[in-house]
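All values below come from the heavy atoms of this structure, side chains included, with hydrogens, waters and symmetry mates left out. Whatever order the structure lists them in is the order used to number ligands and atoms, beginning at 1.
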Amino acid sequence: MNFYFAPMEGITGHIYRRAFHKFFPAPDTYFTPFISPDGNKILRNKEKRDVLPENNAGMKVIPQIITNRADYFLMAAEYLKSEYGYTEVNLNLGCPSGTVVSKGKGSGFLSRLNELERFFAEVFEKCSLDVSVKTRVGRTDADDWEEILGLFQKFPIQELTVHPRIQKDFYKGQIRMETFAYAYENWNGPLCYNGDIFTKESYEKLVSRFPKLESVMLGRGLLSDPYLIGRLREEVLPEEASRRATVREFHTQLMEEYGAVLSCDRDLLYKMKELWFYLLDSFEDSERARKQIRKCEKLSEYKVIVADLFDNHKLL
Ligand SMILES: Cc1cc2nc3c(=O)[nH]c(=O)nc-3n(C[C@H](O)[C@H](O)[C@H](O)COP(=O)(O)O)c2cc1C
């Protein structure tokens with residue numbers, strides 16, 4: 001099985017990826033949070049830093065692009081190739097955010113199939129890189145999935161990653177496993193599953209139902225349990241104390257590297273709070289710490305809470 005680290009805007013940028021790759025059982029491939037090219041800029045400076053090869057040494061990274069304009073997509077893809085040597089880009093057809101969807105991008109593009117077909121026709125005619133797609137199964141109705149998949153089948157998509165939710169499910173609605181099963185049975189290229197794999201049990205259930213599945217993309221599961229890929233690969237993991245010490249080192253590296261690029265303590269605090277939203281799931285008796293971190297307003301207070309957590313709370 002190939003394991004992919006899902007793109008997660010605001011979290012899994014190059015600083016996070018590097019730290020993750022150094023300390024934990026690594027995925028085969030990382031996808032960058034989406035790059036959003038427009039008429040003014042192909043890539044913003046932050047996006048450039050995220051894809052710079054020296055910021056991603058030793059990792060296989062695939063940049064993701066979000067747009068509904070073939071010309072912007074092509075400009076960004078060719079730039080990623082000529083400037084940095086990338087050979088594959090991923091198209092985001094999944095983002096459920098209101099502002100993105102209202103512009104007809106992300107999962108919003110799934111309700112404009114004529115436009116999407118024209119987009120693909122131009123992209124696949126002109127793009128000199130491989131193009132993979134990460135998609136939801138519809139915008140307003142999963143019944144549209146057959147038609148969407150039929151459209152995808154007309155093009156040489158390198159790999160299709162399916163998150164079997166529709167836009168209005170956001171990240172919470174029930175996974176639509178029957179809809180994924182349709183892709184499993186009918187898609188004639190490489191297929192990757194994404195969604196709600198948080199434990200070995202949920203992974204085993206997935207592969208027992210879909211035994212020929214080649215790839216699984218993990219997002220929140222890896223943020224909550226950075227050892228998840230090791231568990232899924234049935235690696236022998238270090239004992240609890242050693243894992244906890246490693247998570248602590250990971251946290252220290254993130255604090256240092258984010259601290260060096262963010263302009264003030266408040267921004268750093270906000271960044272670290274986002275990390276703990278997921279990572280606290282891995283700690284025993286963490287409810288009090290969760291409240292404390294959420295309410296905390298000063299970096300000095302934050303450091304005391306986190307030190308106590310690492311000293312006195314075991315990893316599950
Ligand atoms: C905070 C956050 C940011 C995300 N950013 C992106 C993104 O930039 N591109 C993308 O395709 N999906 C993005 N996603 C969706 C994830 O890649 C993934 O599809 C989703 O979390 C479901 O997988 P999971 O259940 O393993 O987390 C984001 C999700 C979250 C929660």
Side-chain angles (χ1 to χ4, degrees), residues 1-14 16-17 20 27 29-37 43-44 46-47 50-51 61-68 73 76 88-101 105-110 131-139 157 159-177 179-180 183 191-203 205-207 213 215-226 228-229 231-232 270-279 281-282:
M1 184 66 77
N2 299 309
F3 292 106
Y4 301 156
F5 206 138
M8 302 189 90
E9 167 61 19
I11 305 177
T12 63
H14 67 97
Y16 184 96
R17 287 197 298 274
F20 189 94
T29 304
Y30 296 83
F31 287 75
T32 71
F34 61 72
I35 291 165
S36 182
L43 262 71
R44 291 170 186 78
K46 179 174 167 251
E47 294 169 339
D50 201 36
V51 295
V61 173
I62 297 180
Q64 187 188 62
I65 300 172
I66 193 165
T67 184
N68 57 9
F73 184 92
E88 178 176 341
V89 284
N90 181 264
L91 173 70
N92 178 323
L93 292 179
C95 182
S97 126
T99 45
V100 167
V101 169
K105 300 192 236 175
S107 60
F109 212 173
L110 297 174
V131 177
S132 57
V133 169
K134 176 168 181 279
T135 188
R136 288 192 180 232
V137 294
R139 174 166 176 199
I157 291 170
E159 180 169 43
L160 184 66
T161 297
V162 180
H163 177 200
R165 289 192 164 100
I166 60 173
Q167 184 261 333
K168 70 174 181 199
D169 295 332
F170 284 88
Y171 296 107
K172 284 200 176 142
Q174 184 76 23
I175 285 281
R176 297 163 187 269
M177 219 39 114
T179 315
F180 181 77
L191 181 68
C192 172
Y193 172 87
N194 167 239
D196 290 17
I197 300 297
F198 302 142
T199 59
K200 189 147 187 291
E201 292 69 44
S202 52
Y203 171 73
K205 211 169 149 196
L206 179 80
V207 288
L213 195 63
S215 308
V216 171
M217 179 182 274
L218 306 162
R220 291 165 296 174
L222 283 179
L223 302 183
S224 295
D225 175 9
L228 183 60
I229 290 177
R231 291 182 215 286
L232 304 187
Y270 182 82
K271 196 84 183 162
M272 299 313 289
K273 282 186 181 202
E274 211 167 4
L275 178 86
W276 284 107
F277 180 80
Y278 299 97
L279 194 54
D281 293 347
S282 271

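Ligand-side atoms of ligand 1 in range of Ala6: 17 (O), range being under 4.0 angstrom from any heavy atom. In summary, the atoms of ligand 1 found under 4.0 Å from a heavy atom of Asn92, numbered by their order in the structure, are 9 (N), 10 (C), 11 (O). The atoms of ligand 1 that sit less than 4.0 Å from any heavy atom of Pro33 are 8 (O). Near Asp196, meaning under 4.0 Å from any of its heavy atoms, are these atoms of ligand 1: 24 (P), 25 (O), 26 (O).
Residue contacts with ligand 1, taken as heavy atom pairs separated by less than 4.0 Å, involve Asn194 solely via side-chain atoms from C-beta onward. At a heavy-atom distance under 4.0 Å, only side-chain atoms of Lys134, from C-beta outward, approach ligand 1. If you look at Phe31 next to ligand 1, there are no close heavy atoms at all, none under 4.0 Å.
Taking atom 9 (N) of ligand 1 as the reference point, the nearest protein heavy-atom neighbour is Gln64 OE1, 2.8 Å. Protein heavy atom closest to atom 26 (O) of ligand 1, with residue, atom name and distance, is Gly219 N, 2.9 Å. Glu9 N, 3.3 Å is the protein heavy atom nearest to atom 3 (C) of ligand 1. Counting only heavy atoms of the protein, atom 28 (C) of ligand 1 lies nearest to Tyr171 OH, 3.3 Å. The closest protein non-hydrogen atom to atom 30 (C) of ligand 1 is Met8 CE, 3.5 Å. Nearest non-hydrogen protein atom to atom 7 (C) of ligand 1 is Pro7 O, 3.5 Å.
To the nearest 0.5 Å, atom NZ of residue Lys205 and atom NZ of residue Lys200 are 15.5 Å apart. To the nearest 0.5 Å, the span separating CZ on Phe170 from OG on Ser107 amounts to 8.0 Å. With values rounded to the nearest 0.5 angstrom, Lys134 atom NZ is found 10.5 Å from Phe34 atom CZ.
Under the salt bridge (charged side-chain N to carboxylate O under 4.0 Å, His left out) criterion, Arg17 pairs with Asp50, not counting sequence neighbours.
Comment: Arg220 does not engage Asp281 in a salt bridge, judged by the lack of any side-chain N to carboxylate O separation of less than 4.0 angstrom. Between Arg136 and Asp169 there is no salt bridge, since no side-chain nitrogen of the basic residue lies less than 4.0 Å from a carboxylate oxygen of the acidic one. Checked for salt-bridge contact, Asp196 and Arg165 meet the test: a charged N lies under 4.0 Å from a carboxylate O.
Within the 4.0 Å heavy-atom shell around ligand 1 one finds Tyr278. Ligand 1 lies less than 4.0 angstrom from a heavy atom belonging to Gly195.
The backbone N or O of Ser36 sits less than 3.5 Å from a side-chain atom of Glu47, completing a donor-acceptor pair. Checked by atom type and distance alone, the side chain of Tyr30 never pairs as donor or acceptor with a backbone atom of Thr32 at under 3.5 Å.
Looking at ligand 1, you'll find an N or O of Phe34 within less than 3.5 Å of one of its N or O atoms.
No more than 12 heavy atoms of other residues, nucleotides or ligands lie within 6.0 Å of CZ in Phe277, so this atom counts as exposed by the packing criterion.
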